[in-house]
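All chains are named by letter (A, B, ...) in the order of the sequence lines, taking the proteins before the strands, and each is independently numbered beginning at 1. Just so it is clear, the model here is predicted, and its values are computed rather than measured.
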Amino acid sequence: MSIINAPRGVRDILPDESWKWEYLFKVTRDTARDFGYREIHLPVFEHTELFSRGVGETTDVVEKEMYTFEDRAGRSLTLRPELSASMVRSYLENRMDKWHQPAKLWSAGPMFRYERPQKGRYRQFWQIDFEAIGSQDPYVDVESIALSLEIFRRLGLSKLEVVVNSVGCPVCRPVHREALQDFLRPRLGDLCETCQGRFDRNPLRILDCKNPACRDITDEAPDTISCLCADCSEHFSSVRLGLDRIGAVVSIDKRLVRGLDYYTKTAYEVLSGDLGAQNAVCGGGRYDNLAESIGGPHTPGVGFAAGVERIVLTMEDQGCNFGEPPVLDVYVVSAEPSSRDESVALLYEIRKAGIAADIDYTGRSFKAQFKTAGGSGASFACVMGPDEIASGSVTVKNLGTGEQQQIARAELPRLLAELRSAKAGNQEGDLL
RNA sequence: GUGGGCGUAGCUCAAUUGGUUAGAGCGCUGGACUGUGGCUCCAGAGGUUGGGGGUUCAAUUCCCCUCGCUCACCCCA
């Protein structure tokens, strides 16, 4: 019988990597606070209709990527493929329209999409997600973009490309759709197969096809910006102006359309060159009709989601700093089996003082315990043996310098206090 | 769903036109040093060569199937 492996497309985040995630979440949390976003925890599964209606029936996500299952009562549920729909659902359900508007919320957690895995793409992947619901002010769009850029800046990422576009609204979209179809109709036969299929269902997506032939054809095609209604046009100028004012460097990409149906007006992406084909590390935009599509009143909103795995990959490629991995402060070494009970007592005394400490549980030799101590990254080894027990002392060795001294057990609290303050100040104390 | 590449020790990789006991480095364990880690030296453990079938006197090597990983298309985080 062979061992059971993890299912395809999922992976374990082992300790050597998880501390980097911790750093990313800390930066995220701090930045969220600085921008006035509050954290919300949302369920990992929802009613299937939330996504099919919210995200859009004809999107790839809904058509072929959802993890959908029936629960024991026959309800159709789906593991969330994204977070905006849940955010808006929670906004409506919890009457956040009665809060001060917009409600600014953020969340982090795993999303699920059934796709062939490849670099930077997994079936379970983490996103950090920020949404501002209840305002149509262009400055909220600006803030959303600025917030994502600030997180990346604080993480030390550079060489990121920010692309922005406006995809219009229900007023101007049909106008553009028709103009686009009129333009493409004579050359329909020259488009790639998938684009021919898109022509009736979702012609907008033909604009971001990567097929060279399609690109040639669409180079001169009418873009969304040229067809914007007065309202959307003004909104888009305000967003661009606002981005200018806060010094955000972005470029306009007329081909950017995004794959989810709910986007209106502003759409944007942040791209990384270090990710291979999956180059989007962050995507977002405005979705003024999402609330209505899931049964609520008209409620404007804007937000973005960023992929945690992709951010970490990019940070690693760019040699970014992740802070310090967690290490032990003290490793307790028992000189002889007879002194083990006293060693364990010492271990808990140290831990109680808030110092990270560990001990050997495999019955290794004195020498081998020291080897473990050295490899553990601990700053100090505390030795407890017959001599120490007899004299009521403990031997403390600085594993960095090799110096050691035997101190009275009564002095240990003072030493631990020093250790703790050195830890808090994150600097070398005068220890030994 | 469709293509390409790759599966040998915990990790990174060797192994002649197919050739007999599948090796090395790192890591791990023990020892040299019986109360002291890192450096050095010595020793040891650890492999159904992803799995199954076929060709052959002989398969890690060639063929087929299958599973897995990976990259790309598609789409996106």
Side-chain angles (χ1 to χ4, degrees), chain A residues 1-9 11 14 16 55 58-65 80-84 108-129 148 192-195 197-198 202 205 208-211 256-260 267 269-272 275-284 304-314 331 333-339 360 362-389 395-404 406:
Chain A
M1 201 160 95
S2 55
I3 63 160
I4 298 167
N5 293 324
R8 177 159 218 204
R11 64 196 200 106
L14 301 178
D16 281 345
V55 177
T58 63
T59 59
D60 278 16
V61 168
V62 170
E63 275 187 340
K64 49 187 196 191
E65 295 174 3
R80 62 185 183 191
E82 59 109 48
L83 224 33
S84 297
M111 308 298 146
F112 306 85
R113 290 184 201 173
Y114 189 91
E115 297 182 272
R116 282 284 280 271
Q118 68 188 74
K119 182 172 186 178
R121 190 169 81 181
Y122 309 97
R123 289 183 172 178
Q124 174 178 331
F125 60 98
W126 279 61
Q127 285 187 337
I128 53 176
D129 185 279
S148 62
C192 72
E193 231 173 85
T194 39
C195 280
R198 287 165 173 157
N202 200 346
R205 298 261 289 281
D208 73 341
C209 183
K210 287 171 194 160
N211 185 304
L256 175 64
V257 299
R258 310 208 35 86
L260 311 181
E269 280 184 2
V270 181
L271 277 16
S272 159
L275 286 171
Q278 310 304 318
N279 63 348
V281 4
C282 169
F304 71 88
V308 172
E309 289 86 352
R310 291 184 186 181
I311 294 172
V312 172
L313 272 174
T314 304
Y331 198 88
V333 174
S334 176
E336 285 179 16
S338 65
S339 53
D360 174 65
T362 59
R364 310 185 74 198
S365 70
F366 181 79
K367 195 178 167 62
Q369 289 179 60
F370 252 99
K371 211 170 170 181
T372 309
S376 75
S379 312
F380 297 91
C382 285
V383 181
M384 182 56 67
D387 290 357
E388 285 81 1
I389 293 174
T395 299
V396 180
K397 177 169 185 174
N398 184 320
L399 290 168
T401 64
E403 295 171 75
Q404 77 174 38
Q406 199 166 342

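- Residue contacts shown for A:G284 are absent, as no nucleic acid heavy atom lies under 4.0 Å away.
- A donor-acceptor contact under 3.5 Å is not formed by the side chain of A:Q369 with the base of B:U36.
- Judged by distance alone, with hydrogens and angles left aside, the side-chain atoms of A:Y331 form no donor-acceptor pair with the main-chain N or O of A:K371 at under 3.5 Å.
- A distance of about 14 Å separates the P atoms of B:G7 and B:U16, rounded to the whole Å.
- Within the 4.5 Å cutoff, side-chain heavy atoms of A:V396 are placed close to those of A:C382.
- A gap of 35 Å separates the C1' atoms of B:U21 and B:C33, to the nearest Å.
- In this entry B:C33 has no Watson-Crick or G-U wobble partner, no candidate having both defining distances under 3.5 Å.
- Residue A:A373 is the one, among A:A373 and A:A306, whose nearest nucleotide of RNA chain B lies closer to the 5' end (criterion: closest heavy atom).
- Residue side chain A:E388 reaches the base of B:G35 through a donor-acceptor N/O pair under 3.5 Å, judged by distance alone.
- Listed pair A:Q118 / B:A72 meets the phosphate criterion, a side-chain N or O lying under 4.0 Å from OP1 or OP2.
- In this structure, B:C69 and B:G5 make a Watson-Crick or G-U wobble pair, each of the two defining distances being under 3.5 angstrom.
- Straight-line distance from the CZ atom of A:F366 to the C1' atom of B:G37: 10 Å, rounded to whole Å.
- Contact annotation: A:K367 does not reach the phosphate of B:G31 (side-chain N/O to OP1 or OP2, under 4.0 Å).
- Within the 4.0 Å cut-off from OP1 or OP2 of B:C69, at least one side-chain nitrogen or oxygen of A:R8 is found.
- If you take atom P in B:A45 and the same atom in B:G4, they sit 44 Å apart, rounded to whole Å.
- Comparing the P positions of B:A32 and B:G38 gives an interatomic distance of 13 Å, to the nearest angstrom.
- Heavy-atom minimum distance, A:V333 versus A:Q369: CA-OE1, 3.5 Å.
- Two residues are said to be in side-chain contact when any heavy atoms from C-beta on lie closer than 4.5 Å; A:V55 and A:E65 fail this criterion.
- Comparing A:G375 and A:E82 along RNA chain B, the residue whose closest nucleotide (by nearest heavy atom) sits nearer the 5' end is A:G375.
- For A:A280, counting side-chain heavy atoms from C-beta on, the closest listed nucleotide (B:A72, B:G35, B:A77) is B:A77.
- Within the nucleic acid shown, A:R113 comes within 4.0 Å of at least one base atom, counting heavy atoms only.
- When the P atom is compared between B:U20 and B:A15, the two are found 14 Å apart, to the nearest whole Å.
- Of all heavy-atom pairs spanning A:Q124 and A:P110, the tightest one is NE2-CB, 3.5 Å.
- Atom pair A:D208:CG and B:C74:P shows a separation of 10 Å (rounding to whole Å applied).
- Taking the P atoms as reference points, B:C67 lies 48 Å from B:G31, given to the whole Å.
- Contacts of A:A305 with the nucleic acid, taken as non-hydrogen atoms under 4.0 Å apart, involve only primed sugar atoms and P, OP1 or OP2.
- Each of B:C74, B:C73, B:G35 was ranked by its minimum atom distance to the side chain of A:K64; first place goes to B:C74.
- Residue-to-nucleotide contacts include no donor-acceptor pair under 3.5 Å from the side chain of A:Q278 to the base of B:A72.
- Look at CG on A:L399: it is 11 Å from P on B:G38, rounded to the nearest Å.
- Each of B:G30, B:A77, B:G37 was ranked by its minimum atom distance to the side chain of A:A368; first place goes to B:G30.
- Side-chain polar atoms of A:E388 and A:T395 form a donor-acceptor pair below 3.5 angstrom.
- Nearest heavy-atom pair, A:I311 versus A:V281, reported as atom, atom and distance to 0.1 Å: CG1-CG2, 3.8 Å.
- For A:E115, the listed nucleotide lying nearest its side chain is B:A77; candidates were B:U36, B:A77, B:G37.
- Pairing of B:U48, defined by two Watson-Crick or G-U wobble distances under 3.5 Å, is not identified with any nucleotide.
- For B:C74, its base sits under 3.5 Å from the side chain of A:R121 at one donor and acceptor pair at least.
- Among the protein residues, A:Y331 comes within range of no part of the nucleic acid, since none of its heavy atoms lies under 4.0 Å from any strand.
- Computed from coordinates, the A:E336 CD to B:U36 C1' distance equals 14 Å when rounded to whole Å.
- Distances were taken from every side-chain heavy atom of A:S365 (C-beta onward) to each of B:U36, B:G31, B:C73; the shortest belongs to B:G31.
- With centres under 5.5 Å and a plane angle under 30° as the test, the ring of A:W126 is not stacked against the base of B:A77.
- The distance between atom CZ of A:R116 and atom P of B:C69, rounded to the nearest whole Å, is 10 Å.
- Rounded to the nearest Å, the gap between the P atom of B:G37 and that of B:C28 is 15 Å.
- A:G120 comes within contact range of at least one nucleobase, with a heavy-atom separation under 4.0 Å.
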For this session: Kindly indicate, with the supporting measurements, whether the criterion side-chain hydrogen bond (donor to acceptor under 3.5 Å, both in side chains) is fulfilled by A:T372 and A:R364.
Result: CA-CA 9 Å; A:T372 309; A:R364 310 185 74 198; 2.4 Å; yes
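- The distance from atom CG of A:D16 to atom P of B:C11 is 14 Å, rounded to the nearest whole Å.
- When all heavy atoms are compared, the tightest approach of A:F304 to A:C282 is CD1-SG, 3.5 Å.
- Note: NZ (A:K119) to P (B:A77) measures 19 Å, nearest angstrom.
- With rounding to whole Å, A:N5 atom CG is found 13 Å from B:G7 atom C1'.
- When the C1' atom is compared between B:A77 and B:U40, the two are found 50 Å apart, to the nearest whole Å.
- A sub-4.0 Å separation between OP1 or OP2 of B:G30 and a side-chain N or O of A:R364 is present.
- In this structure, the nucleotide among B:C73, B:G37, B:G35 sitting nearest to the side chain of A:K371 is B:G37.
- Residue contacts shown for A:V383 include a base, since a base heavy atom lies under 4.0 Å away.
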